[in-house]
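Whatever order the structure lists them in is the order used to number ligands and atoms, beginning at 1. Bear in mind the structure is a predicted one, so any value in this text is a computation, not a measurement.
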Amino acid sequence: MSVLYTMEFKRVFDLLLKQHGPQNWWPGETSFEVMIGAILTQNTSWTNVEKAILNLKNKKILDPHKMLRVHNTQLAKLIRPSGYFNQKANKLKNYLNFFKNKYGFFVQKMKKESVEKLRNELLEVNGIGPETADSILLYALEKPIFVIDAYTKRIFSRLSLCRESVSYYDLQSIFMTQLPQKTSLYNEYHALIVHHGKNICKKSKPRCGDCSLQSMCPQTSL
Ligand code: SF4
């Protein structure tokens, strides 16, 4: 990759930050809440996740010990607003069992492990895919790993910085070789991409006239 290419990735970050400001992610009061949110947000909007998390808080079970003891049916009922609630209740239980058996529910113990070890362990948990694993690593455990999602693929393929069909790992590797491996940078960058993809570079009708990346985008509709 050329030096120019590296500059493009940094330039996109600077322009998005200038347009949208710091996003202060992840929305969650504790690392555990972030872990739970990362699982609940699969295939749904954050608004729905917030409702599910509020239900867990109101029932006072947003705690790993208590949540593991709750029956799956009851858990599914509480997280219903997040969709796929039966599957997600199972996924949460799988994650809780892993978190208990490997780390005794201690986030700090988990944080001491390497990103590679944790990533392999997380991907072995049934229901945790690459995006969820990396979200937990970056936002709950503060590890320097770049999270890729559909917004990232859409925006960066429109910018001609990757192919539309690029794989998760290939695009992740591009970001992580093009940028310094810094948790704070990866945290902010992914959050800005999500905000931009939701509000400006939309799937069917991109708002190119309001886009700070317009001058570098070959796909601009204006
Ligand atoms: S100019 Fe349009 S297509 Fe290009 S990144 Fe911006 S919103 Fe997306």
Side-chain angles (χ1 to χ4, degrees), residues 1-28 34 37-51 82-84 129-140 142-222:
M1 298 281 179
S2 68
V3 174
L4 191 66
Y5 204 40
T6 304
M7 285 169 63
E8 295 295 86
F9 279 79
K10 183 66 174 62
R11 191 167 156 223
V12 171
F13 174 76
D14 291 340
L15 289 168
L16 292 180
L17 186 62
K18 195 172 172 199
Q19 180 171 10
H20 303 300
Q23 301 296 298
N24 303 313
W25 267 31
W26 177 294
V34 174
I39 295 168
L40 292 178
T41 200
Q42 293 175 357
N43 303 308
T44 195
S45 70
W46 187 252
T47 320
N48 293 332
V49 176
E50 280 178 329
K51 290 177 193 159
S82 72
Y84 303 96
E131 188 183 332
T132 307
D134 292 340
S135 298
I136 291 172
L137 288 167
L138 178 62
Y139 291 105
E142 297 165 354
K143 299 286 184 186
I145 192 146
F146 207 93
V147 179
I148 302 297
D149 63 1
Y151 297 121
T152 320
K153 287 187 186 180
R154 184 199 303 159
I155 296 171
F156 284 79
S157 61
R158 284 175 174 172
L159 290 170
S160 291
L161 291 172
C162 71
R163 283 173 293 107
E164 209 177 336
S165 59
V166 68
S167 73
Y168 186 98
Y169 292 113
D170 284 349
L171 189 51
Q172 181 179 58
S173 161
I174 293 173
F175 272 95
M176 293 184 65
T177 48
Q178 295 297 305
L179 298 165
Q181 300 209 357
K182 243 175 110 187
T183 300
S184 56
L185 173 64
Y186 291 178
N187 175 323
E188 192 60 59
Y189 207 154
H190 176 66
L192 285 165
I193 288 169
V194 172
H195 186 82
H196 201 72
K198 270 185 189 168
N199 299 289
I200 307 289
C201 193
K202 296 179 176 199
K203 192 172 182 177
S204 51
K205 282 193 184 164
R207 292 171 49 201
C208 300
D210 297 322
C211 179
S212 56
L213 310 176
Q214 200 182 13
S215 64
M216 59 188 291
C217 183
Q219 299 291 321
T220 178
S221 60
L222 286 183

For Glu50, the salt bridge (Lys or Arg N to Asp or Glu O under 4.0 Å) test, sequence neighbours excluded, returns none
Could you list the residues that satisfy salt bridge (Lys or Arg N to Asp or Glu O under 4.0 Å) with Arg163, not counting sequence neighbours? none
Check ligand 1 against Arg158 and write out every atom of the ligand that is under 4.0 Å from a heavy-atom position of the residue. 3 (S)
When you measure from atom 4 (Fe) of ligand 1 to the N, O or S atoms of Cys211, does any of those distances fall below 2.8 Å? no
What distance separates Leu16 CG from Glu188 CD, expressed to the nearest 0.5 Å? 10.0 Å
Tell me whether atom 2 (Fe) of ligand 1 has Cys208 as a neighbour, meaning an N, O or S atom of it below 2.8 Å. yes
How many angstroms lie between CD in Glu142 and OH in Tyr186, if you round to the nearest 0.5 Å? 15.5 Å
Cys217, portion touching ligand 1 at heavy-atom distance under 4.0 Å: side chain
